[in-house]
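We use all heavy atoms of the structure for the numbers below, so side chains are in, but hydrogens, waters and symmetry mates are not. Everything numeric in this text was worked out from a predicted model, so none of it was measured. Numbering of residues begins at 1 and proceeds along the displayed sequence.
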Amino acid sequence: MSDSFKFWAVIPAAGRARRMGETASPKQYLTIAGRSVLEWSLSPILARDDCAGIVVAIAADDTHWSRLPIARDPRVRTTVGGTERAHSVLAGLRTLSLSDSEFVLVHDAARPCLAADELSGLIEAVRNDPVGGLLAAPVVDTIKRADSEGRVAETVSRESLWRALTPQMFRFGTLYRALTAAQQQGVAVTDEAQAVERSGLRPRIVAGRTDNLKITLPEDLIRAERILQEMQSSGGRR
Ligand SMILES: Nc1ccn([C@@H]2O[C@H](COP(=O)(O)OP(=O)(O)OP(=O)(O)O)[C@@H](O)[C@H]2O)c(=O)n1
Ligand SMILES: C[C@](O)(CO)[C@H](O)COP(=O)(O)O
């Protein structure tokens with residue numbers, strides 16, 4: 001019997017990339033290893049048969065998206081994002097007509113190095129989970145909290161600390177209600193899991209790859225390009 005599991009993806013791509021400084025275009029549209037960051041981020045998701053479709057939340061004044069070849073893919077639609085990442089994700093959810101139990105996967109447009117095996121790992125670990133979950137990487141550095149003078153206030157135990165990555169995958173009803181509640185309460189959640197945690201649930205942590213980096217600062221572009229070139233030379237998205 002064929003597996004009927006399907007998920008929709010929401011891709012927040014409406015950011016202004018302020019931490020990148022002056023660039024030719026917002027970071028999600030910069031070209032690395034021959035393709036835009038955004039197209040790299042979408043490609044492992046579009047390569048899956050269980051992806052029912054993708055909603056990309058773009059800025060209201062975005063002039064880049066329509067020039068990308070992927071904009072002509074019938075499985076990909078766009079909507080206008082919001083002032084915060086969480087608002088852009090919620091805008092994407094609002095375009096979907098899904099039952100509460102259907103899954104939605106959220107992946108940053110600024111994470112182009114997502115590997116196929118890592119994506120599969122999340123989906124297989126979460127598709128039967130009652131809450132949902134996220135890719136994350138264990139914290140391996142010693143963590144310091146700084147004081148107002150830029151000196152060490154304390155060393156924070158890294159025991160059981162993880163860095164949240166994306167994708168993060170939750171059932172539509174759980175995520176929609178959690179993000180709506182956070183917005184109504186004026187709470188700026190920085191990932192989907194935080195909103196779900198605020199609703200009293202505990203998302204599953206799934207170990208992701210440390211090279212699933214988010215392009216945030218200029219030096220991240222070079223790192224991401226090297227990772228993608230290594231992926232290509234080793235025969236595709238691992
Ligand atoms: N209002 C926003 C803010 C961010 N994002 C998206 O969320 C992802 C992660 O956000 P981040 O790395 O912070 O991107 P920016 O907000 O663009 O970066 P900055 O904070 O440096 O401006 C990115 O794909 C970004 O496009 C979004 O869709 N809508
Ligand atoms: C969602 C995220 O990528 C998980 O680490 C991160 O929280 C996004 O933060 P940003 O400040 O919106 O980039």
Strictly by side chain to side chain donor-acceptor pair (under 3.5 Å), give each pair with a member in residues 47-60 just once, sequence neighbours left out. R48-D50, R48-S120

Which heavy-atom pair separates A109 from S41 by the least distance, and what is that distance? O-OG, 2.7 Å

Which salt bridge (Lys or Arg N to Asp or Glu O under 4.0 Å) pairs, counting each pair once, include a residue from residues 77-95, with sequence neighbours left out? R85-D108, R85-E192

Residues in side-chain contact (heavy atoms from CB on, under 4.5 Å) contact with R72, at least two apart in sequence or another chain: P69

For the residue pair R163 and V139, what are the closest heavy atoms and their distance? CG-CG2, 3.9 Å

Over all atoms of both residues, closest heavy-atom pair of G208 and L135: CA-CD2, 4.0 Å

Pairing residues for D147 by the side-chain contact (heavy atoms from CB on, under 4.5 Å) criterion, not counting sequence neighbours: E149, R151, A153

Checking R171 side chain against D129 main chain: does a donor-acceptor pair fall under 3.5 Å? yes

Run the salt-bridge test on D3 and R127 with the 4.0 Å N-O cut-off and return the result as yes or no. yes

Of all heavy-atom pairs linking S43 and R35, the shortest is CB-NH1, 3.7 Å

If hydrophobic residues (ILVMFWY) are linked whenever their side-chain heavy atoms come closer than 4.5 Å, directly or via other members, who joins V80 in its cluster? none

Using a 4.5 Å cut-off on heavy atoms from C-beta on, say whether the side chain of I11 contacts that of V76. no

Rounded to the nearest 0.5 Å, how far does CD1 of I227 lie from CZ of R209? 9.0 Å

Who pairs with Y29 by ring pair (Phe, Tyr, Trp, His ring centres under 6.0 Å), at least two apart in sequence or on another chain? H64

Report the hydrophobic cluster partners of V104, with the cluster defined as I, L, V, M, F, W, Y residues connected by side-chain heavy atoms closer than 4.5 angstrom, directly or transitively. W8, V10, V55, V89, L90, L93, L96, L98, V106, V131, F170, F172, L175, Y176, L179, V187, V189, V196, L201

Fellow cluster residues of W162, listed by chain then number, with links counted only when side-chain atoms sit under 4.5 Å apart: L134, I205

Closest heavy-atom pair and its distance - I215, K27: O-NZ, 2.7 Å

Cluster check F103, L46: I/L/V/M/F/W/Y, side chain < 4.5 angstrom: yes

Determine the sole option in T31, T23, L30 for which the side chain to side chain contact (heavy atoms under 4.5 Å, CB included) test with L221 is passed. L30

Taking all atoms of both residues into account, what is the closest heavy-atom pair of V206 and G121, and its distance? CG1-O, 3.9 Å

Compare all side-chain heavy atoms of V140 with those of T210 and state whether any distance is below 4.5 angstrom. no

Between Q183 (side chain only) and H87 (backbone N and O only), is there a donor and an acceptor less than 3.5 Å apart? no

Give the cluster check for I45 versus F5: same hydrophobic cluster or not, with ILVMFWY residues linked at side-chain heavy-atom distances below 4.5 Å. yes

Those residues at least two apart in sequence (or on a different chain) that pass side-chain contact (heavy atoms from CB on, under 4.5 Å) with T78 are V56, I58, W65

Residues in salt bridge (charged side-chain N to carboxylate O under 4.0 Å, His left out) with D61, at least two apart? R16

Does anything in residues 177-216 form a ring-ring contact (aromatic ring centres under 6.0 Å, His included)? List the pairs, not counting sequence neighbours. none

Please list, chain by chain and in numerical order, all residues satisfying side-chain contact (heavy atoms from CB on, under 4.5 Å) with S99, sequence neighbours excluded. S101, E102

To the nearest 0.5 Å, atom NE2 of H107 lies from atom CG of L42 at 8.0 Å

